[in-house]
Amino acid sequence: MAASVRQTLRLVLLAGLPLLLVLAACAPIEDTADEQLEAGQATGATEGTQGTETGDGSETASATGAAGGGGSLTYAAAPPNTIDPHMMSSLGDIHTVQPVVNYLVRLGSDLSLQPDLATEWESEDGQTWTFTLREGVTFHDGSDFTAEDVVATFDRLVDPEVASAAAGSFTFLEKGGTTAVDDHTVQFDLTEPVGDFPAWVTAYQAAILPSDWEGDFATNPIGTGPFELTEYTPRLSARYERNPDYWEEGLPKLDSMEAIYYEDFGAQITAIQSGDVDLMTLLPGDLVDTVPAGGGVEVLSAPSATHGQITMRVDMEPWDDVRVRQAMALTVDREQIVEELWGGHATVANDHTLAPVYEEAEALDLDRRAQDIERAQQLLTEAGHPDGIDVELTTYGGIGIFAQAVAEMAAPAGIRIEITVEPTDVYYQHWTDLPLAMETWLHRSSIAQMPSLAFRCGADWNVPHWCNEDFDALIGELNATVDEGERAEIAAQMAAILHEEVPSVIAWFQDTLSAVRDNVSGYESHPANFVDFRTTTVE
Amino acid sequence: MIGTRLRTLLASPGVTLAVAVVLGWLAIAVIWPLLVPYGPTAQQLGGRYAPPSAEHWLGTDNLGRDVLSRILAGSRSVLIVGLASTTLGVAVGTTLGLVAGFYRGRVDELLMRSLDLLMAFPIIVIASVILAMLGPSRLNLVLVIALMLAPYNARVVRSAVLSWRDRDFVAAARLRGESGAYILFRELLPNIMGTVNVEFTMRLALSIFAVATLSFLGFGIQPPTPDWGLMVSEGRPFYQIAPWVVVAPAAAIASLVVAINVVAQRLRAS
């Protein structure tokens, strides 16, 4: 008897397991009235206490506690790998740390450079840069913000022993190259001219920390930012309180925030639809269809230079022949990818990195590379592959769908692609060795940054192993030029070389998407996927 | 003998249904190219997430592919990998079990303790670690699942052998001077074949579930190959707007695994 009960249980379990996979994707939708009520009460309480704190009327940064009452925000983010600001590398890191810190220069959501802890900056030759710092700013521990803190921050950032990912892009700044002229003036002596250096200091790792800060941001999170990090539980959540001494008057508006970490986006989407969270810091573009219109959730879109690259090893067959690479580029139906897979939240790209969001792209005048299977076949035949080629494409989790779409488009031209989709961490252990690879490149604030990371001779992340001396010379020239018009011309020449040589197929620039519930206002999507909650409020 | 066995099997309507389901999937795995209404990898980017309709009985997925066609075509990879890995695993496990049970002593100790060691790790965890190192391919999938099944099988076969090894016919064979291999495979194996058959069927269900799970985790069958586990995994983020993309392959996995288990239990009971 007992045995048969066990057998039945076993069967039920076996039948149930596959269904569990289904259920894992589908969490219950709960009534959120209670939570809203709690938020409302909290808001009322804070409003009551505010009157007493304001009233000194000073225009300086020390005006404090002027606002708040904006409610309490709960937002969904990916779990951080590290929350040491200078070591950040993933979006989860950025979305956890940025509310706590400021930068010298803020990269606005319109890609403009705005004064943050620096009020103005200047350079005559692009090599020596002077930044004037804001006065009256204090850190969360009460100490004053001075030039020494900026020096310590940038010295740590470029210190080879610290090994920040930023050091790889700040190749023109050495430890000791940053000096304090006086308490509120900092000078950067670069090893070579960098015409748009202020854009580089918006790098997300370049958060200004106090000069005496040491060690662990999880236990000692001190910045000058609008929020203080009060509690951090790795892989689960983070809690924030508004900084009552924040230097921008009337900001931030929120009283408190909580970040909740989710491993996968399906769960985040369920959470925002059920009202468990008010905001999603990142909505992957291929999932935009999964957020039904009119469900109380709004998708926020910001055009950006983030893009996918299909990289082809130019030092390996068959990609060593430029005609084969051009053939590959000609097979992609870019409009269809943008319209159908991205649901219109992307722009067609032309196999170069100068996205339309950059001001410098306005001077661009290149023929659009459209799908042309016949021409692709012709090029393959000319290159000695009349029967086509068999190749392997390696990529990782989230963008497998694009790899499959591209493979299907390339097949009629005779480019037969076999796909391997790896876990992301496995992929990035050997991505620069792969003959044919596909990955996403995030938006960079300087137009010189993408080319020098991905296409400079011998660069660490030069996945196609492409090397073009004219191109490298143009990168140097671009860096040395401060004049906007001249920069645009140089950038256009670089784009033309990439378009012609096709070390990578670049078929789209995707918008950065985030999502908010309809009770949230004052939040915008940011092209570089930065978060800025200063003006955000929750009803 | 087989006739009686078949008759006992089909005695209950539940078991008859289970046998029909298993045979049905086997048939589909062979002849799916004749059945599918669309190419299982043919994309239609303009028609993504179409709900079930007369045109697409089970709807379409995130690349506009016909889910029904992918389910039908996907039966082949899951059955090939499942059958191959189970055959290999049971063959290896049975041999080890025969050797350990017949020779006893140090050989037994050494074999069984090594297998215990292997069994101490959760199957899916160790399989995904190995596959991450070897790289995902159908052959590696077969090898890894076989490796995972063999210890359990060896243990069962060993205890079955223990009850036969001291019988007179074994002693007689020894006295005749027969080789160890002869005694193992000609004298002992035929007597425990019933156990091995039940073992094979039960392990097959496990193995099919393992294929689906490993593909779900991204260590198994690679896209765009139609595969049930992979389909569940790829469709999961879209569950809210296109549940059919996930439900259909999950139901396919469940139907096959449960049917095989029902048959296995019936075999064991008889």
Side-chain angles (χ1 to χ4, degrees), chain A residues 3-4 7-8 10-26 29 264-270 273 284 286-287 289-292 295 333 336-337 339-341 343 394-398 400-405 407-409 411 417-426, chain B residues 41-49 61-65 128 132-133 135-137 202 205-206 209 212-213 216-219 222-225 228-230 232-243 246-247 249-262 264-266 268-269:
Chain A
S4 83
Q7 282 172 10
T8 315
R10 227 179 109 89
L11 282 178
V12 168
L13 271 178
L14 273 166
L17 278 171
L19 295 175
L20 274 182
L21 297 181
V22 175
L23 288 176
C26 163
I29 293 170
D264 77 277
F265 289 109
Q268 288 195 24
I269 291 170
T270 311
Q273 281 176 340
D286 58 319
L287 297 188
D289 288 339
T290 66
V291 182
D333 185 343
Q336 203 178 23
I337 290 182
E339 287 311 315
E340 304 296 347
L341 292 187
T394 311
T395 185
Y396 54 89
I401 177 177
F402 297 100
Q404 292 187 54
E408 182 87 354
M409 291 169 178
I417 298 175
E418 196 178 307
I419 300 168
T420 304
V421 179
E422 298 181 329
T424 310
D425 46 346
V426 175
Chain B
T41 58
Q43 301 172 4
Q44 208 190 337
L45 297 188
R48 309 165 71 209
Y49 312 117
D61 69 1
N62 59 350
L63 284 163
R65 297 173 295 201
S128 39
M133 286 191 305
S137 81
M202 283 180 45
L206 264 181
F209 198 68
T213 309
F216 173 82
L217 294 173
F219 294 109
Q222 289 297 309
T225 313
W228 297 347
L230 190 61
V232 174
S233 153
E234 285 194 320
R236 209 169 50 115
F238 311 99
Y239 181 77
Q240 297 251 336
I241 56 157
V246 175
V247 171
I253 299 170
S255 74
L256 184 57
V257 171
V258 169
I260 294 176
N261 259 283
V262 168
Q265 306 234 339
R266 187 67 194 196
R268 187 157 65 179

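By convention in this document, chain letters (A, B, ...) are assigned in the order of the sequence lines, proteins followed by strands, and residues within each chain are numbered from 1.
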Chemist: So what's closer than 4.5 Å to chain A heavy atoms on B:L45: side chain, backbone, both or neither?
Modeler: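 Both parts, heavy atoms under 4.5 Å.
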Chemist: Do A:E408 and B:R65 come within less than 4.5 Å of each other through their side chains, counting heavy atoms only?
Modeler: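 SC-SC contact between A:E408 and B:R65 ruled out.
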Chemist: Let's test your reading of the structure: which of A:I401, A:V291, A:L287 forms the most heavy-atom pairs below 4.5 Å with chain B?
Modeler: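 Highest number of heavy-atom pairs under 4.5 Å: A:I401.
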Chemist: Does B:N62 have any side-chain hydrogen bond (donor to acceptor under 3.5 Å, both in side chains) partners at least two apart in sequence or in another chain, and if so, which?
Modeler: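 Here no residue qualifies.
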Chemist: Mind checking the CG-CD spacing from B:L63 to A:E340? Nearest 0.5 Å is all I need.
Modeler: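 Rounded to the nearest 0.5 Å, the CG-CD separation comes to 11.0 Å.
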Chemist: Among B:G218, B:G235, B:G46, which residue forms the greatest number of heavy-atom pairs with chain A at distances under 4.5 Å?
Modeler: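 With the most close heavy-atom pairs to chain A, the winner is B:G46.
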Chemist: Could you look at A:D264 and say if it's the side chain, the backbone, both or neither that has a heavy atom under 4.5 Å from chain B?
Modeler: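 Only the side chain of A:D264 comes within 4.5 Å of chain B.
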Chemist: For the residue pair A:Q404 and B:E234, confirm or rule out a side-chain donor-acceptor distance under 3.5 Å.
Modeler: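 Checked: A:Q404/B:E234 side chains pair up, N/O donor to acceptor below 3.5 Å.
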Chemist: For B:P136, which atoms come within 4.5 Å of any heavy atom of chain A: side chain, backbone, both, or neither?
Modeler: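 Only the side chain of B:P136 comes within 4.5 Å of chain A.
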Chemist: Given the options A:P284, A:A405, A:A403, which has more heavy-atom pairs under 4.5 Å with chain B than any of the others?
Modeler: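 Among A:P284, A:A405, A:A403, the one with the most close pairs to chain B is A:A405.
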Chemist: Report the residues that fulfil side-chain hydrogen bond (donor to acceptor under 3.5 Å, both in side chains) with B:S255, sequence neighbours left out, ordered by chain and then residue number.
Modeler: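 With sequence neighbours excluded, B:S255 shows a side-chain hydrogen bond (donor to acceptor under 3.5 Å, both in side chains) to B:W25, given in chain and number order.
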Chemist: Taking atom CD1 of A:I419 and atom CD of B:Q222, what is their separation to the nearest 0.5 Å?
Modeler: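 CD of B:Q222 is found 9.0 Å from CD1 of A:I419.
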Chemist: Picking from A:Q336, A:M409, A:E339, which has the most non-hydrogen pairs under 4.5 angstrom with chain B?
Modeler: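 Heavy-atom pair counts peak at A:Q336.
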